Amino acid sequence: MPKHPLIAGNWKMHGLREAIPEALAMDRAARDSRASVAIFPPSTLLYALSEALQSRSEPSPVRLGGQDCHKDAQGAFTGDLSAEMLKDAGADMVILGHSERRHGHKEACESVAAKTLAALRAGLEPIICIGETLDQRQEGLTHAVLSKQLRDSLPLALEGQTFHVAYEPVWAIGTGHVPTDDQVVDAMLLIQKHLAQRFHNQVVPHTLYGGSVKPDNARHLLSLEGVDGLLVGGASLKAEDFNRIIAAAD
Ligand SMILES: O=C(CO)[C@H](O)COP(=O)(O)O
């Protein structure tokens, strides 16, 4: 873990306004940690969370992000949100290419790349997700799939920009199945090699692991070569769990 680890919590489609005190409890843990902490709530909570976190006597170190954005700044796209809108609501990061969008919304790598350009245009720092399905892994296609996703989802415009890549094997998401250490390290090093060959950025991207991260495995996952941080789903919803994951980074 060469850099300050990034601990990111993706709340997915969970959370009403009553969840705001949970975020404030996460803020207290983030203040005591060397980790960078980011929360990706549903968009409906972004503005309220931003106000709640920044109105504290000491502004919060917790960063906020969206879970997706449209490629255009505005237009007739019912139900969509632009990167500019997320920024306006208090986000400074965005998750793009999550497998739940790649599979559930048929999002192609080219669409992820276009959204990444939109995020950069709006001043949002993207976390771009990649990961293979169980079938792809069992067919020996993991390297080919990850390499293609990296090549086609990451536009060259990321050169010189701050961004992050999350490796989330689809078969580990929400299942309790965590890849072996070797499988994690193998994927992280593939990603880091790709990034080093393709981009020469001053800020070296964080490479995050995501998929069934829990308080009990966070410290171990963070100790693995190439893991600069964690993208946490279910265990980021409760401060009691997420704060233990934040503490695991210290
Ligand atoms: O998005 C994820 C983490 O942000 C990923 O889907 C993992 O979810 P989890 O298995 O519930 O941690």
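We count ligands from 1, going down the list as the structure has it; atoms in each ligand are counted the same way. Every value quoted in this text rests on a predicted model; they were computed, and no experiment measured them.
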Under 3.5 Å side-chain donor-acceptor pair for Thr207 and Gln192
yes

Does [X] reach the main-chain N or O of [Y] with its side chain, forming a donor-acceptor pair under 3.5 Å?
X      : Y      : value
Gln67  : Lys12  : yes
Ser82  : Met85  : yes
Asp241 : Lys238 : no

Counting only heavy atoms not in Gln54 (residues, nucleotides, ligands), do more than 12 fall under 6.0 Å from its CD?
yes

Compute the shortest N/O to N/O distance between Thr175 and ligand 1 and return yes if it is under 3.5 Å, no if not.
no

Going by the order shown, which atoms of ligand 1 are within less than 4.0 Å of some heavy atom of Val232?
3 (C), 4 (O)

Could you give me the CA-CA distance, side-chain angles and deciding distance for Asp181 and His220, then say whether side-chain hydrogen bond (donor to acceptor under 3.5 Å, both in side chains) is met?
CA-CA 9 Å; Asp181 294 357; His220 178 70; 2.9 Å; yes

Identity and separation of the nearest protein heavy atom to atom 11 (O) of ligand 1:
Gly234 N, 2.9 Å

For Lys12, is the nearest heavy atom under 4.0 Å from an atom of ligand 1?
yes

Quick one: does Ala235 get a heavy atom under 4.0 Å from ligand 1?
no

I want to confirm something. Looking only at heavy atoms, which of Lys214, Glu168, Glu100, His98 is nearest to atom 3 (C) of ligand 1?
Glu168

Hey, looking at atom 10 (O) of ligand 1, which of Ala8, Ala172, Gly174, Gly233 has the closest heavy atom?
Gly174

